[in-house]
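Reminder, nothing fancy here: chain letters follow the sequence lines and each chain counts from 1.
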2 protein chains.
Amino acid sequence: MSLDERKKIILESIIKDYVETAEPVGSRAVVKKHGLNISAATVRNEMADLEEMGYLEQPYTSAGRIPSQLGYRYYVDCMMQKETLSEEEIELLQKIIRDNIHEWNEIIEKVSSFLAQATSYASFVIFPSLTLSKFKYLQILPIEDHKALVIAVTDSGLIMHRKIEVPPNIAEGDLETIAKAFNKALGGKRLNEITRTDLMLIRDSLKRRKKIIDRVLEAVEYMLAGSKEERIAISGTLNILNEPEFKDLEKLKKILAILEEDVLLRNLIPEDIKKEVEIRIGTENNIEGIKEISIVVSGYHTLGQKGKIGVIGPIRMEYWKAAGTVETVGKVLEQILKGQF
Amino acid sequence: MSLDERKKIILESIIKDYVETAEPVGSRAVVKKHGLNISAATVRNEMADLEEMGYLEQPYTSAGRIPSQLGYRYYVDCMMQKETLSEEEIELLQKIIRDNIHEWNEIIEKVSSFLAQATSYASFVIFPSLTLSKFKYLQILPIEDHKALVIAVTDSGLIMHRKIEVPPNIAEGDLETIAKAFNKALGGKRLNEITRTDLMLIRDSLKRRKKIIDRVLEAVEYMLAGSKEERIAISGTLNILNEPEFKDLEKLKKILAILEEDVLLRNLIPEDIKKEVEIRIGTENNIEGIKEISIVVSGYHTLGQKGKIGVIGPIRMEYWKAAGTVETVGKVLEQILKGQF
DNA sequence: GATTAGCACTCAACGAAGAAGAGTGCTAAC
DNA sequence: GTTAGCACTCTTCTTCGTTGAGTGCTAATC
């Protein structure tokens, strides 16, 4: 369904005004704001049309109008001009990423933090799982009387480690033999290609020290499981305290609970990202109990997989700013990571 | 200053009642609750005395009384009976710790989470810095064209690692030589005993590959710096949303900001813990802008150093429960860790 | 001298009633 | 199709009286 030019201007005007003030917008305000050459009465008629079409709603008879979820959707799909970061901001972001390039955890945390600050919404960055990385090296290092450390390294520089129990009198040579067997069997393989059978073959190939081998196997399996997980960093959750729509404590509680609880948050973030920037408005995110939030998310490629980056805020969100910023930050991140792994 | 028995009973009664209901407590309520054999009028006289002494206050003329900060202090110092966990809860806690014994991060997070749940306040666990651990082993592992991984392990099983840049054609033997020099010089030393001079000596002892050595030195210095940091885990921050005193959004914001921001939180936690359980009530924590929170914190020993564990809640806190729980959890944690490192 | 009953008094909390004001929807004129 | 004019609606804010919990004081009682 297409709108004529004047209706578009009015819809946009109401959205911009409402997003800024969080107050219903009246016909006079629309005229004044845009210096339109039509009277308030005409605008009123148009607004009545827009309401009938479902793009606007009225909190109560004879209040101004506010955009409906459908109204935002129309704006986002058909009218929105993305607003992106300034040159200086982009440079700052690049510096932040480069300065932390040695540690993914640092990168995603700092970038998320940047995004939260740039948009004033809650933000997240997801780093893809490492299942496509290649197994590089395994080592077993005795550290204390009864303990040894199993360390595994991937080609992309990820380190995983786990303690295991070993007999106190174990010879270092034994541990080395075991490690060698693992390295020979797994070296160069992608983590997601390592099967249980591979591991069993290693076990069978060695004659002695079965008990220790089992411990190592256990550790390796634990690491492989961990490598499947996508790391996530969240920032700016407290930004939502500034939004007037969440002055209601009950709503606030629900939303903070989601932002604090890893699992809930992951559930909320869209699985597929079709366009450059995916925007989910209000109930389009079907989470039980919460209708009042929107998500803007974009993807970025690294390590042959897809990471995600986005912001979470109220429905009354500056989508133009959020979409542009999320998109740009994702691109910058992708670009710098490309040179790295 | 000492109180007679009846005043104590009345003070305690008011504290317990107020902590539970968050409403000022009247004289009738005190009589009823405790089935005291005196009349409300008598209690009123006593309450007037207690107010004069500074232990109670009145929100406004002719409201009930609420405990003053001094009143809580007196109660905590002179009357409080700590209330601890049940056998079942302690067993659960032990299981939680044992199940995660292989990773400190896991332990402190899970224990903090347990504590938050057990008390319904925000909780934290601080793991001591690792400066007393001993350097065990350093390794340099090439991982990509231009990169190598410097891995250091301590006797207590801590792993630190950092990527460095290396020339693409570097021989593994060179890296091994460098690593050996480090191991020889630093092996067995406590991290806090490793000086800049030690590092410089290593640099001087090697003739070739100065550039790579500098990179490794940089990495080692970075790790040493990191080892000085105390790890902290926080849980249950959302519990404060349930406290009626924080229904005011501005106060809530301030407090959440502290709980979310690592640095602020560390500042808030008492440096010295003299008694088994240190309790700081209201303004006794001098943080600017916030007078309304109390902290209950205890220490535990591990790795030859002191970790901290505690809860943060409103002044209107169940100190008896909090103190007992914090103390017990700290003891259990200390005991299990003792068998480990 | 300590305790208690009785009673006037205080003050927050609640709610009803009225005034103000923003904004609409409709009608009739342009 | 557009606009001016006006009655109407509904929230918000303020005021003002009512209610009720709880005190503090006085005088009587143990």
Can you check the [X] [atom1] to [N] [atom2] distance for me, whole Å?
{"X": "Lys7(A)", "N": "dG1(D)", "atom1": "NZ", "atom2": "C1'", "value": "12 Å"}
{"X": "Met47(B)", "N": "dT3(C)", "atom1": "CE", "atom2": "C1'", "value": "17 Å"}
{"X": "Asn45(B)", "N": "dG6(C)", "atom1": "CG", "atom2": "C1'", "value": "14 Å"}
{"X": "Arg65(B)", "N": "dA12(C)", "atom1": "CZ", "atom2": "P", "value": "15 Å"}
{"X": "Glu52(A)", "N": "dG25(C)", "atom1": "CD", "atom2": "C1'", "value": "13 Å"}

Item to complete: Enumerate the residues from residues 20-33 of chain B whose closest heavy atom to DNA chain C is under 4.0 Å, giving them by residue number; use none for an empty result.
Response: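 Those residues: none at all.
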Polar-atom pairs under 3.5 Å, protein N or O versus N or O of nucleotides 15-21 of chain D: list them with distances, or write none.
none

Discussion item. Between Ser298(B) and Glu276(B), do the side chains contain a donor N or O and an acceptor N or O under 3.5 Å apart?
Written reply: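 No.
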Worksheet item: Looking only at side chains, do Tyr72(A) and Ser294(A) share a donor and an acceptor under 3.5 Å apart?
Response: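 On atom types as modelled, these side chains do not qualify, holding no pair under 3.5 Å.
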Worksheet entry | side-chain contact (heavy atoms from CB on, under 4.5 Å), paired with Thr325(B), selected from Val277(B), Ile309(B), Thr84(B), Leu115(B) |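 Running side-chain contact (heavy atoms from CB on, under 4.5 Å) over Val277(B), Ile309(B), Thr84(B), Leu115(B) with Thr325(B) returns exactly one hit, Leu115(B).
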Practice prompt. For Asp262(B), check side-chain hydrogen bond (donor to acceptor under 3.5 Å, both in side chains) against everything at least two apart and list the hits.
Written response: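 Checked Asp262(B) against side-chain hydrogen bond (donor to acceptor under 3.5 Å, both in side chains); matches are Arg266(B).
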Item to complete: Taking all heavy atoms of Ile66(B) and all of Pro59(B), pick out the closest pair and write down the distance.
Response: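 So the two residues come closest at CG2-CG, 4.4 Å.
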